[in-house]
Amino acid sequence: MNDAMEDLLERLGNNLVWRIGKAETEDVIVVRVGLARAASNFALYPRLRNATDEEIESLVKNGQVRVEWVD
């Protein structure tokens, strides 16, 4: 990766908010990502449960991951 791309990703990363957890009604890990300006919108989504490292690792290995963009 070149320096310009790394710089861009660093700047973008500083403006992102994310939440990771287990869906309440599904056996899936949910990764919610959005820009910091949309942080209040995270409350509009269903609650995520805490998950142990072992649960996360198992679900990720089984492909049970969903990424949601919060706008």
Colleague: Does Arg19 count as lying over the ring of Phe42, i.e. NZ or CZ under 6.0 Å from the six-ring centre, within 45 degrees of the axis?
Modeller: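 Geometry flag: set, cation within 6.0 Å and 45°.
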Colleague: Should Val33 and Leu12 be counted in the same cluster of Ile, Leu, Val, Met, Phe, Trp and Tyr side chains packed under 4.5 Å apart?
Modeller: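 Linked within one cluster.
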Colleague: If every non-hydrogen atom of Asp71 is compared with every non-hydrogen atom of Tyr45, which pair is closest and at what distance?
Modeller: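 Closest heavy-atom pair between Asp71 and Tyr45: N-OH, 4.4 Å.
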Colleague: If two hydrophobic side chains count as joined below 4.5 Å and joins carry through other members, does Val67 share a cluster with Val60?
Modeller: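 Same hydrophobic cluster.
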Colleague: Should Trp18 and Ile56 be regarded as members of a common hydrophobic cluster, given that ILVMFWY residues are connected when their side-chain heavy atoms come within less than 4.5 Å of each other, either directly or indirectly?
Modeller: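 Hydrophobic grouping puts Trp18 with Ile56.
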Colleague: Hey, is the main chain of Gln64 close enough, under 3.5 Å, to the side chain of Asn62 for a donor-acceptor pair?
Modeller: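 Here the side-chain-to-backbone pair does not exist.
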Colleague: When hydrophobic residues are tied together by side-chain contacts of less than 4.5 Å, even through go-betweens, does Trp69 share a cluster with Leu9?
Modeller: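 No, separate clusters.
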Colleague: Which heavy atom of Arg66 sits nearest to which heavy atom of Ala23, and what is that distance?
Modeller: NH2-CB, 4.4 Å
Colleague: Ion pair present between Glu24 and Arg49, side-chain N to carboxylate O less than 4.0 angstrom?
Modeller: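 No.
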Colleague: Same cluster or not: Ile29 versus Leu16, using hydrophobic residues (I, L, V, M, F, W, Y) connected whenever any side-chain heavy atoms lie under 4.5 Å apart?
Modeller: yes
Colleague: Which atom pair, heavy atoms only, marks the closest approach of Lys22 to Asp27?
Modeller: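 For Lys22 versus Asp27, the nearest heavy atoms are CE-OD1, 3.0 Å.
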Colleague: Without swapping roles, check the side chain of Asn15 against the backbone of Leu35 for a donor-acceptor pair under 3.5 Å.
Modeller: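 It does not hold such a pair.
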Colleague: Taking all atoms of both residues into account, what is the closest heavy-atom pair of Leu48 and Gly21, and its distance?
Modeller: CD1-N, 3.8 Å
Colleague: At their closest point, which heavy atom of Ala36 faces which heavy atom of Val17, and how far apart are they?
Modeller: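 Nearest heavy atoms, Ala36 then Val17: CA-CG2, 3.6 Å.
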Colleague: More than 12 non-hydrogen atoms from neighbouring residues, nucleotides or ligands closer than 6.0 Å to CG on Asn50, yes or no?
Modeller: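 Not buried by this count: 12 neighbours or fewer within 6.0 Å.
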